[in-house]
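The structure under discussion appears below in the form of C-alpha cells.
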Amino acid sequence: TTATDLVGRFLIKGNETVWQDGPLTRAVRTGAILYLDEVIEAREDVIVLIHSLSDYRRILYLDALSETIQAPDSFQLIVSYNPGYQKSFKELKASTRQRFVALNFHYPKPETECLILQQETGLEEKMAKNLIQLANKIRALSELGLTESVSTRLLVNTGHLMKTGVGAREAAEVAIANALTDDVETTKALKDIVALYL
C-alpha cells in the first residue's frame with residue numbers, strides 16, 4: 001500500500017478528472033477509526049504520511065489538492081504489528097512508535113485457547129489440550145530463532161486438517177512446523193517436538 005492508495009488520487013471519469021478520497025482521507029474527513037494492520041511492513045511514504053496525524057498536529061496534508069484537513073476529535077488511528085518481527089531486521093522506528101499508546105496482546109490462557117480451538121474445529125478437549133501444550137512448548141523455545149511462533153490460527157488450521165481425517169502428527173507437521181520456517185534444521189527440530197506431543 002502506498003501513500004497515494006491511502007490518501008486518494010485523481011481518476012478519469014468520462015471526459016473529466018475527478019479526485020477520489022482514499023480510506024485515510026475518508027476516515028479523517030468523517031472522524032472515523034482507521035486501522036492499519038502490519039504497519040511494520042508499510043512503505044516509508046506511508047509512515048511519513050501518518051506522522052502528522054499521530055502527533056499533536058492531527059493534520060492530514062493533501063498535496064495534490066493543496067488542502068489541509070484537521071482531524072476531528074473522533075478520528076482515531078490504530079496500527080498493529082507482530083513484535084516477533086523485531087527478531088529480524090524489521091523494527092518500528094522509535095519516532096513512529098512513540099506517537100502511539102501501546103497495548104501488548106498475548107496468547108490466550110490455555111483454557112481459553114482450548115475453548116476457541118474446540119469451537120472453531122470441533123476437536124475433542126483432550127486433543128485440543130495436546131495441541132495447546134505443543135504450541136506452548138514451541139512458543140517458549142526462543143533458541144529456534146523463529147520470527148513468529150505458533151498462533152491460535154495455526155492451531156485451528158491443524159484442527160481442521162485433523163477433522164478431515166489427516167493424522168494428528170501429520171496435520172501438526174504441515175500446519176505448524178512447515179508453516180513456521182523454511183529452514184531445514186529448524187523444521188526438523190519442530191517435527192521432533194510434534195512427535196513428542198502427538
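In this text, all values refer to a predicted model and were calculated from it rather than measured experimentally. FYI, the numbering just counts along the sequence from 1.
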How long is the straight-line distance from CD1 of Ile40 back to CZ of Arg97, given to the nearest 0.5 Å? 8.5 Å
Measuring only between side-chain heavy atoms, which start at C-beta, is Leu60 closer than 4.5 Å to Leu24? yes
Closest heavy-atom pair and its distance - Lys163, Leu123: CD-CD2, 4.0 Å
Between Asn136 and Pro110 the two heavy atoms that sit nearest each other are ND2-CG, 4.1 Å
Please determine if Glu44 and Lys93 form a salt bridge, counting it only when a charged side-chain N lies under 4.0 Å from a carboxylate O. yes
Taking C-beta and beyond as the side chain, do Met162 and Val166 meet within less than 4.5 Å on heavy atoms? no
Val39 side chain reached by Ile47 side chain, heavy atoms, under 4.5 Å: yes
Pairs in or reaching into residues 15-70: which pass ring-ring contact (aromatic ring centres under 6.0 Å, His included), with residues at least two apart or in two chains? Phe10-Trp19
Evaluate the criterion side-chain contact (heavy atoms from CB on, under 4.5 Å) for residue pair Thr181 and Leu190; output intermediate values, then yes/no. CA-CA 9 Å; Thr181 183; Leu190 289 170; 3.9 Å; yes
Scan for salt bridge (charged side-chain N to carboxylate O under 4.0 Å, His left out) pairs involving residues 12-22, sequence neighbours excluded, and state none if there are none. Asp21-Arg29
Is any side-chain heavy atom of Tyr197 closer than 4.5 Å to one of Asn130? no
Looking at every heavy atom in both Pro23 and Leu34, which two are closest together, and how far apart are they? O-CD1, 4.1 Å
Carefully, step by step, assess Leu146 and Ile138 under the rule side-chain contact (heavy atoms from CB on, under 4.5 Å). CA-CA 10 Å; Leu146 299 170; Ile138 295 171; 4.0 Å; yes
Taking only residues at least two apart or on different chains, which pairs with a member in residues 136-166 satisfy ring-ring contact (aromatic ring centres under 6.0 Å, His included)? none
Which pairs with one or both residues in residues 54-66 pass salt bridge (charged side-chain N to carboxylate O under 4.0 Å, His left out), sequence neighbours excluded? Asp55-Arg57, Asp55-Arg99
Roughly how far apart are Ile50 CD1 and Leu36 CG, rounded to 0.5 Å? 6.0 Å
Is there a continuous path of hydrophobic side-chain contacts, each under 4.5 Å between heavy atoms, that joins Ile69 to Leu65? yes
Correct closest heavy-atom pair for Phe75 and Leu53 would be CE2-CD2, 4.1 Å
State, with a plain yes or no, whether a side-chain heavy atom of Ile176 is found less than 4.5 Å away from one of Leu180. yes
Inter-residue atom distance Ile193.CD1 - Leu196.CG, 0.5 Å rounding: 7.5 Å
Determine which pairs satisfy ring-ring contact (aromatic ring centres under 6.0 Å, His included) with at least one residue from residues 102-133, sequence neighbours left out, and list them in order. none
Rounded to the nearest 0.5 Å, what separates atom CD in Glu125 from atom CD1 in Ile132? 9.5 Å
For residues 132-141, which residue pairs qualify under salt bridge (charged side-chain N to carboxylate O under 4.0 Å, His left out), counting only residues two or more places apart or in two chains? Glu113-Arg139
Is there side-chain contact between Met127 and Leu198, with at least one heavy-atom pair below 4.5 Å? yes
Heavy atoms only: give me the nearest Thr30-Ser74 pair and the separation to one decimal. O-OG, 4.5 Å
Under the side-chain contact (heavy atoms from CB on, under 4.5 Å) test against Leu155, which residue among Leu117, Thr121, Leu134 passes? Leu117
How about Asn178 and Lys191: do any of their side-chain heavy atoms sit closer than 4.5 Å? yes
